[in-house]
Amino acid sequence: MIRFDKSAPPKLLVIHEHPVLRAQARKHLESSGYTVVEAGSCREAIAIMHTCTFAGIIVDNDMADYEAASPLSARSATENYNIPCIVLATTRVIRKPDKDFNTALDDYLYKPFKPSALAKHVHQLIKTSVEIEHLRLVCPAAYALAGTTGINLTKFNLPFKQMIVLHALVSNSPRVVSKACFVDVLYSHKSPPINPYNAVESLVFHLRKRLRAEESNVSIKSVRGVGYRASINQIQNSIKNVNFLKL
């Protein structure tokens, strides 16, 4: 269970064009310990997002200006770039997914639903976001390890899960990171694959190939029966220059 500071309850942005439904959502969310800011249109919401930072965003997919001014695309230009969003949608959204929908952050809640279900869904999404944030890179688009060659993720274009693996290994080097740890982090917010340990091995295999192809100063060593550790050349004297989030 997440424990929030009572002096600063998590702030949510609820975007819905129907005042009655917004008020109903607000009532249940505030009774669950959240502070709620309302917006009656997507354009209004975007203006608010430039002035406030939220713990989560809730937006109705059927709003008139949703496609013309999607809050999901606008958040990248605000301090809410890494804030999870719940899209209230009918099943037709599956046939037309939002191009800015981030599967690592966002989720759908299909209509109709009970207001109590919304509060529960919000809580779980924020909890998941907090749990994986400690393994997320500060700037995944432009990140380099100190050393002769280094790693440029703009050039690499690493998948999200490979970035998590790389970050965990480097920030814990020379300690070993167990396969069980990777399974817990990678699949804590969704159902794991049938063979999660095989999935981790596959991720490491493909990450190794990328590191070798770029002649990186990072290599991944297997520790039989335990997991993996990163071996990093010329990193001892300059590790402070690497911008990681604190574990």
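Bear in mind the structure is a predicted one, so any value in this text is a computation, not a measurement. The figures that follow rest on heavy atoms only: side chains count, while hydrogens, waters and symmetry mates do not.
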Taking the side chain as every heavy atom from C-beta outward, state whether [X] and [Y] have any pair of such atoms under 4.5 Å apart.
X	Y	value
Val122	Leu12	yes
Asp60	Val87	no
Phe205	Lys209	yes
Tyr228	Ser222	yes
Ser219	Leu211	no
Val36	Leu13	no
His28	Leu118	no
His16	Ile58	no

Distance from [X] atom [atom1] to [Y] atom [atom2], nearest 0.5 Å?
X	Y	atom1	atom2	result
Leu169	Arg175	CG	CZ	11.5 Å
Cys42	Glu67	SG	CD	10.0 Å
Leu203	Leu186	CG	CG	6.5 Å
Arg212	Leu207	CZ	CG	10.0 Å
Met49	Glu44	CE	CD	12.5 Å
Ile46	Leu72	CD1	CG	10.0 Å

Which pair of non-hydrogen atoms, one from [X] and one from [Y], has the smallest distance, and what is that distance?
X	Y	answer
Lys111	Asp62	NZ-OD2, 2.6 Å
Lys221	Ser231	CE-CB, 4.0 Å
Ala69	Arg43	CB-CG, 3.8 Å
Asn82	Glu79	OD1-O, 4.1 Å
Thr35	Pro9	OG1-CG, 3.2 Å
Phe182	Ala168	CE2-CB, 3.7 Å

Exercise for the section: Tell me whether Val200 is reachable from Val176 by hopping between hydrophobic residues (I, L, V, M, F, W, Y) whose side-chain heavy atoms are closer than 4.5 Å. Expected result: no

Exercise for the section: Is it possible for you to say whether Tyr110 and Leu21 belong to one hydrophobic cluster, with membership spreading through side-chain heavy-atom contacts below 4.5 Å? Expected result: no

Within the side chain of [X], is there an N or O that forms a donor-acceptor pair under 3.5 Å with the backbone of [Y]?
X	Y	answer
Thr78	Arg75	yes
Asp106	Cys85	yes
Asp107	Ile86	no
Gln24	Val20	no

Practice task
Check the surroundings of atom CD in Glu30: do more than 12 heavy atoms from other residues, nucleotides or ligands lie under 6.0 Å from it?
Solution key: yes

Handout entry: Identified salt bridge (charged side-chain N to carboxylate O under 4.0 Å, His left out) counterpart of Glu38 within the set Lys11, Arg22, Lys27
Key = Arg22

Exercise for the section: Please test Arg26 against Val14 for side chain to side chain contact (heavy atoms under 4.5 Å, CB included), starting from the C-alpha separation and ending with a verdict. Expected result: CA-CA 8 Å; Arg26 180 173 194 154; Val14 176; over 6 Å; no

Exercise for the section: Evaluate ring pair (Phe, Tyr, Trp, His ring centres under 6.0 Å) for Tyr108 paired with Phe101, printing each intermediate quantity in order. Expected result: CA-CA 10 Å; Tyr108 292 115; Phe101 187 87; 4.4 Å; yes

